[in-house]
Q: 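Got a structure here, written out as structure tokens. Questions coming.
When a ligand or atom number is given, it counts from 1 through the structure's own listing order.
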Amino acid sequence: VVRRGALIWLLALALPSAASAHAQLEGTTPQRGAQPDRAPASVGFRFSESVSAGTGSVRVFDGNGREVQSGSPEVDGKRVTVGLRDGLGDGGYTATYRVISADSHPVSGGFSFTVGSGGPGAQSVDRLLEASASGPVTATALGVARGVQYSAIALALGVLLLLVRWPAGFDRAAFAARCRALLLAAAAAGVASGVAGILLEKAQAGVALGDVLGTTFGWSWASAIVVWLVVAGLRTPWPSPALALLPALGGHAASEGPLMFGSNVVHVLAIGGWIGGLAVLVLALRAATSALEPDRRGHLLSAVLGRFSAFAGLAVGVVLATGIVQTIIELSAWRELTATGYGRAVLIKLGLFAVLLGFGFVNRTRIIPRLEGTPGRVGLLLRRSLRLELAVAVVVLGVTGALATYAPAKVSDTGPVSESAVIGPARMELTLDPARAGVNELHLYLFDRRTGAQYTRPKEVTATASHGDTELPVELRKAGPGHYVAQQTLLPKRGRWTLAVSARVSDFDEFTTKLKVDVR
Ligand code: HEM
């Protein structure tokens with residue numbers, strides 16, 4: 001675990017509201033696995049942060065897979081409740097949710113409970129959610145839409161920076177014309193990826209368009225489309241700094257404190273000037289200089305690049321500092337840098353950032369000083385170096401699109417873990433809560449693989465948990481049809497545990513399976 005030094009202390013003080021991004025389910029009414037005598041009037045979920053939930057985002061199914069909720073869910077900050085129909089009979093019920101957390105990420109899950117005794121068993125949460133799940137293609141496409149949107153913002157900011165910092169005494173008409181074309185291209189990409197982002201978020205969350213537009217992600221992305229239309233209509237880059245708010249509003253920073261929000265906005269502004277500026281140099285500078293006499297061209301190139309590289313030196317420091325601040329806020333332990341997808345994406349960014357620094361160093365110390373006079377071969381070398389640098393930067397922007405899509409490390413590193421495996425004719429779903437070294441609550445649900453109904457044939461279900469040389473019994477108790485609980489499961493070590501489960505269905509037949517669970 002990270003030793004919280006003075007800096008992190010300060011961060012903690014500055015961030016009293018730093019909740020974990022990505023809403024997590026903290027409790028349900030009735031409780032998971034409860035066995036009330038009569039059906040409750042409503043079913044409720046309590047999350048770790050406020051969520052948005054539209055019509056159909058909470059559903060309750062009876063044992064035959066029929067929906068039994070009445071009306072739309074009611075959202076009260078972190079709580080979502082839906083009423084149940086009157087006169088529900090005995091049997092198993094499964095409640096599922098698919099809501100949007102404040103950081104724009106859809107989260108889903110569910111639980112089962114049993115009313116009275118008898119009646120059909122509850123359906124599997126995984127199976128019910130599978131029916132409305134959008135799959136990895138939608139998530140990847142949303143990551144790409146974010147990457148394109150961020151690149152468009154960077155390009156517009158780059159145009160603004162270079163137009164403002166164009167050296168006096170040089171005609172800038174040809175350069176400005178090229179910049180306008182780039183700005184229009186950025187606006188087209190911004191509008192297209194903006195529309196795609198909203199539609200993909202809608203598909204991923206499985207809610208109506210109006211519900212998406214009611215979330216911070218929805219309205220901020222819709223506002224970005226309006227800003228892009230103004231940029232295109234007036235052909236001016238001046239509104240583009242407002243777009244630097246978009247990643248913070250529509251991403252993880254939205255659900256964290258002001259330090260994360262501010263760092264994210266400054267990070268994006270610095271990146272816009274630096275990477276966007278680089279793109280403008282690669283794409284517009286040649287047009288602006290090709291008509292000039294060679295020695296005047298050298299003069300102009302060295303003036304423009306000298307000014308840009310002074311800005312880039314400053315921007316690099318700001319990007320690194322704000323990147324580190326955001327990383328510290330989103331991580332709760334150093335090992336999450338390698339253990340989680342989020343952490344690995346940050347490491348890839350850091351590696352590519354170092355490559356970019358290398359390019360910048362060579363340009364500044366070796367190439368730019370030789371540009372004065374006739375650029376010739378040096379000019380060619382510079383163009384190649386800038387193009388390569390830009391290509392690496394575009395990869396970083398793509399990785400960042402993915403970064404925004406991953407759950408922050410500290411969230412994927414906490415909360416219950418679910419796994420499933422096949423055991424004879426049944427499918428077994430396991431939930432281990434909180435999946436940390438120490439005492440855990442373990443739930444096992446068995447479902448018939450053919451019908452999806454609860455699998456009630458076992459006369460006895462036993463389990464052991466092992467890790468290396470350690471083997472411990474798991475005290476399972478039957479909690480309902482096809483549902484077994486071990487409330488005090490001691491898993492003393494971190495690491496990958498193997499759970500061996502046996503289901504005895506008669507004196508002669510026993511099905512066994514093993515599955516691995518990560519304990520953090
Ligand atoms: C060329 C270098 C870089 C580029 C182009 C870049 C780009 C971006 C962009 C566009 C965002 C806003 C996206 C969002 O919040 O959804 C962002 C956020 C972020 N960046 Fe960078 N960045 C760079 C370097 C770094 C470095 C060196 C670090 C780490 C030390 C870093 C860490 C982060 C983190 C943690 C976030 C917050 C992501 C989130 O949780 O949503 N970045 N970056």
Side-chain angles (χ1 to χ4, degrees), residues 11 18 20-22 101-105 142-158 190 193 197 201 216-217 220-221 224 243-257 259-279 312 315-332 334 336-337 340-360 388-412:
L11 291 182
S20 53
H22 268 47
S101 51
D103 68 352
S104 86
H105 289 274
L142 185 54
V144 172
R146 279 190 200 264
V148 173
Q149 180 70 224
Y150 297 164
S151 306
I153 295 173
L155 188 57
L157 286 169
S193 60
E201 172 82 356
T216 317
F217 173 91
S220 59
W221 276 60
L243 292 165
L245 291 169
L246 183 73
L249 285 171
H252 297 140
S255 54
E256 299 283 6
L259 186 59
M260 174 81 184
F261 194 93
S263 305
N264 192 285
V265 175
V266 175
H267 193 73
V268 175
L269 281 171
I271 278 163
W274 173 33
I275 306 296
L278 197 65
V316 161
V318 173
V319 166
L320 186 62
T322 47
I324 290 175
V325 170
Q326 294 179 88
T327 306
I328 291 175
I329 294 173
E330 293 295 1
L331 252 56
S332 60
W334 291 126
E336 288 167 357
L337 275 176
T340 62
Y342 188 93
R344 286 189 291 271
V346 170
L347 285 183
I348 293 174
K349 279 182 80 165
L350 255 174
L352 294 173
F353 178 75
V355 173
L356 288 176
L357 285 191
F359 275 115
L388 263 174
E389 199 176 337
L390 183 61
V392 176
V394 169
V395 175
V396 183
L397 284 166
V399 173
T400 303
L403 191 66
T405 313
Y406 288 133
K410 66 184 179 193
V411 175
S412 53

Q: Between Gln149 and Gly190 (side chain of the first, backbone of the second, donor and acceptor by atom type, cut-off under 3.5 Å), is there such a pair?
A: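 Side chain of Gln149 to backbone of Gly190: a pair is present.
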Q: Would you say the side-chain atoms of His267 pair up with the backbone N or O of Thr322, donor to acceptor, closer than 3.5 Å?
A: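 Such a contact is absent between His267 side chain and Thr322 backbone.
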Q: What atoms of ligand 1 come within less than 4.0 Å of a heavy atom belonging to Val396?
A: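 Heavy-atom distances to Val396 below 4.0 Å select 1 (C), 2 (C), 3 (C), 4 (C), 5 (C).
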Q: Can you tell me how far apart OG1 (Thr340) and CG (Leu331) are? Round to the nearest 0.5 Å.
A: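 It is 6.0 Å, given to the nearest 0.5 Å.
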Q: Of the backbone atoms (N, CA, C, O) and the side-chain heavy atoms from C-beta on, which set of Thr327 has a member under 4.0 Å from an atom of ligand 1: side chain, backbone, both, or neither?
A: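 Thr327 to ligand 1: contacts from backbone and side chain alike.
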Q: For the pair Glu336 (side chain) and Ser332 (backbone), establish whether a donor and an acceptor sit closer than 3.5 Å, ignoring hydrogens and angles.
A: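 Pair found, side chain donor or acceptor close to backbone of Ser332.
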Q: Just which atoms of ligand 1 are under 4.0 Å from any heavy atom in Val319?
A: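 Within the 4.0 Å cut-off of Val319, ligand 1 contributes 23 (C), 24 (C).
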Q: Which of the atoms of ligand 1 are close to Ile324, meaning less than 4.0 Å from one of its heavy atoms?
A: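 With Ile324 as reference, the close atoms of ligand 1 come out as 30 (C).
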Q: Using 0.5 Å steps for rounding, measure from the CG atom of Leu347 to the NZ atom of Lys349.
A: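 Going from the CG atom of Leu347 to the NZ atom of Lys349 covers 11.5 Å.
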Q: Does a side-chain heavy-atom distance below 4.5 Å link Leu320 with Leu350?
A: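 Yes; the side chains approach each other to less than 4.5 Å.
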Q: Which atoms of ligand 1 sit under 4.0 Å from any heavy atom of Leu356?
A: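 Per the distance check, 1 (C).
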Q: Please determine if Asn264 has a nitrogen or oxygen closer than 3.5 Å to a nitrogen or oxygen of ligand 1.
A: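 Yes; the residue has a nitrogen or oxygen that sits under 3.5 Å from a nitrogen or oxygen of the ligand.
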Q: Assess Lys349: does it contribute an N, O or S atom lying under 2.8 Å from atom 21 (Fe) of ligand 1?
A: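 Short answer: yes, at least one N, O or S atom is under the cut-off.
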Q: How many angstroms lie between CD1 in Ile153 and OG in Ser193, if you round to the nearest 0.5 Å?
A: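 Answer for the CD1-OG pair, Ile153 versus Ser193, is 8.0 Å.
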Q: Just to check, does Gly323 reach to within less than 4.0 Å of ligand 1 when the distance is taken from its heavy atoms?
A: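 Judged by the 4.0 Å heavy-atom criterion, Gly323 does count as contacting ligand 1.
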Q: For atom 18 (C) of ligand 1, which candidate among His267, Glu256, Arg146 holds the nearest heavy atom?
A: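 Among His267, Glu256, Arg146, the closest heavy atom to atom 18 (C) of ligand 1 belongs to His267.
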Q: Taking atom CD of Glu201 and atom CH2 of Trp221, what is their separation to the nearest 0.5 Å?
A: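 Atom-to-atom, Glu201:CD and Trp221:CH2 are 9.0 Å apart.
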Q: Atoms of ligand 1 less than 4.0 Å from Tyr342 heavy atoms?
A: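 So the answer, numbered in order with elements, is 35 (C), 37 (C), 38 (C), 39 (C), 40 (O).
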Q: As an exercise, identify every atom of ligand 1 less than 4.0 angstrom from a heavy atom of His252.
A: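 The atoms of ligand 1 under 4.0 Å from a heavy atom of His252 are 39 (C), 40 (O), 41 (O).
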Q: Which atoms of ligand 1 sit under 4.0 Å from any heavy atom of Val268?
A: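 Heavy-atom distances to Val268 below 4.0 Å select 12 (C).
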